[in-house]
Amino acid sequence: MPSLPPCNSIFLLTISFLIMATSVDPLIIGRVIGDVVDMFVPSVNMSVYFGTKHVTNGCHIKPSMAVDPPRITLTGNIDNLYTLVMTDPDAPSPSEPIHRELIHWIVTNIPGGTNPNQGNEILPYGGPRPPLGIHRYILVLFEQKGPLDLVEQPPSRASFNTRYFARQLNLGLPVATVYFNSQKEPAYRRRT
């Protein structure tokens, strides 16, 4: 009869599975896994803030709050380098995403334990400007195998493909992903 692992091992495996499930489930429900990335196991903590608003999966961020790049902090070893991609898979509208994906930001060579300001900005940040419907804005973090040199800016922001980009740079699966929803804000007119 095979020996069973000690109770502590089973407990740790259960806790690890629950932590992974709670961080991946919103990505499945929000179709981030499937539309943009494949199933992965999160291994780095990525905290994202627009002003004082902490971004949690599926939360709503007004475009006016996201004009400037978010404040992001990463865990991870300082010796590891990361690539960050921010994309909108719902462009120009969620019902007809013919420009899927619209790329909003690319930063490479981010040292672990720091933030994107320490990396190389390949494509400058462009905040959300959803023309129609509720759009998902997805921040995907990849761990690099080594420094990335000569990464070219995409020729267009439209029709970007995160999976293809990751394959081209040999990045593998993501190590962290956070997404938020945003929609066009109503134009307020002053009455005279």
Side-chain angles (χ1 to χ4, degrees), residues 16-77 80-91 94 97 100-130 133-144 157 160-163 165-166 169 171-183:
S16 296
F17 174 76
L18 290 173
I19 289 170
M20 183 194 81
T22 57
S23 58
V24 170
D25 277 353
L27 301 175
I28 294 170
I29 293 166
R31 296 183 339 270
V32 171
I33 292 175
D35 285 354
V36 178
V37 297
D38 295 321
M39 182 64 80
F40 70 98
V41 176
S43 59
V44 172
N45 185 32
M46 178 170 59
S47 295
V48 180
Y49 292 85
F50 285 103
T52 59
K53 173 79 172 174
H54 180 235
V55 176
T56 57
N57 285 322
C59 74
H60 183 79
I61 301 288
K62 293 179 182 178
S64 59
M65 289 177 60
V67 172
D68 295 321
R71 188 176 82 250
I72 299 175
T73 56
L74 310 173
T75 61
N77 187 323
N80 295 343
L81 296 173
Y82 298 89
T83 292
L84 176 71
V85 170
M86 181 176 156
T87 184
D88 170 3
D90 300 319
R100 175 175 288 168
E101 304 162 35
L102 192 68
I103 186 69
H104 284 263
W105 198 20
I106 300 174
V107 184
T108 63
N109 297 322
I110 306 166
T114 67
N115 61 65
N117 296 337
Q118 306 301 310
N120 297 337
E121 189 173 65
I122 303 301
L123 183 66
Y125 176 81
R129 291 186 305 273
I134 299 171
H135 288 234
R136 296 167 292 164
Y137 292 88
I138 303 164
L139 293 116
V140 184
L141 187 71
F142 297 95
E143 186 174 325
Q144 299 172 195
R157 287 189 183 253
F160 184 80
N161 185 303
T162 299
R163 287 182 181 99
F165 177 78
L169 297 179
L171 296 173
L173 293 173
V175 294
T177 300
V178 175
Y179 85 99
F180 63 92
N181 295 314
S182 193
Q183 68 186 86

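We count residues from 1, following the sequence as given. Any value given below was found using the heavy atoms of this structure, including those in side chains, with hydrogens, waters and symmetry copies removed.
- With values rounded to the nearest 0.5 angstrom, L171 atom CG is found 6.0 Å from F142 atom CZ.
- To the nearest 0.5 Å, atoms NE2 (H54) and CD1 (I61) are separated by 10.0 Å.
- The aromatic rings of Y125 and W105 stand perpendicular to each other, their planes meeting at an angle above 60°, with 30° marking the opposite boundary.
- A donor-acceptor distance shorter than 3.5 angstrom exists from the side chain of D90 to the backbone of R136, with no hydrogens or angles considered.
- Every residue two or more places apart in sequence or in another chain that forms a side chain to side chain contact (heavy atoms under 4.5 Å, CB included) with N115 is listed here: N117, Q118.
- Rounding to the nearest 0.5 Å gives a distance of 12.5 Å between CE of M86 and CD of E101.
- T75 places a side-chain N or O within 3.5 Å of a backbone atom of N45 that can act as its donor or acceptor partner.
- Of all heavy-atom pairs between D35 and R100, the closest is OD2-NH2, 3.8 Å.
- Interatomic distance, C59 SG to N181 CG, rounded to the nearest 0.5 Å: 7.5 Å.
- V36 is not listed as a side-chain neighbour of Y179, based on a closest heavy-atom distance of 4.5 Å or more.
- Put simply, CG on L81 and CD1 on I110 are 9.0 Å apart, with the number rounded to the nearest 0.5 Å.
- L84 is not listed as a side-chain neighbour of Y82, based on a closest heavy-atom distance of 4.5 Å or more.
- Evaluated for a side-chain contact (heavy atoms from CB on, under 4.5 Å) with R157, the options I103, T87, D88 yield exactly one hit, I103.
- Using a 4.5 Å heavy-atom threshold, the side chains of F160 and I106 count as touching.
- Listed by chain and residue number, M46, L141 satisfy the side chain to side chain contact (heavy atoms under 4.5 Å, CB included) test with A176 (two or more places apart in sequence, or in another chain).
- In terms of modelled atom types and a separation under 3.5 Å, the side chain of H104 and the main chain of G126 share a donor-acceptor contact.
- With Q183 contributing its side chain and P130 its backbone, the two residues share no donor-acceptor pair below 3.5 Å.
- Here CG of L27 is found 5.5 Å from CZ of F40. Values are rounded to the nearest 0.5 Å.
- With sequence neighbours left out, the side chain to side chain contact (heavy atoms under 4.5 Å, CB included) criterion links R129 to no other residue.
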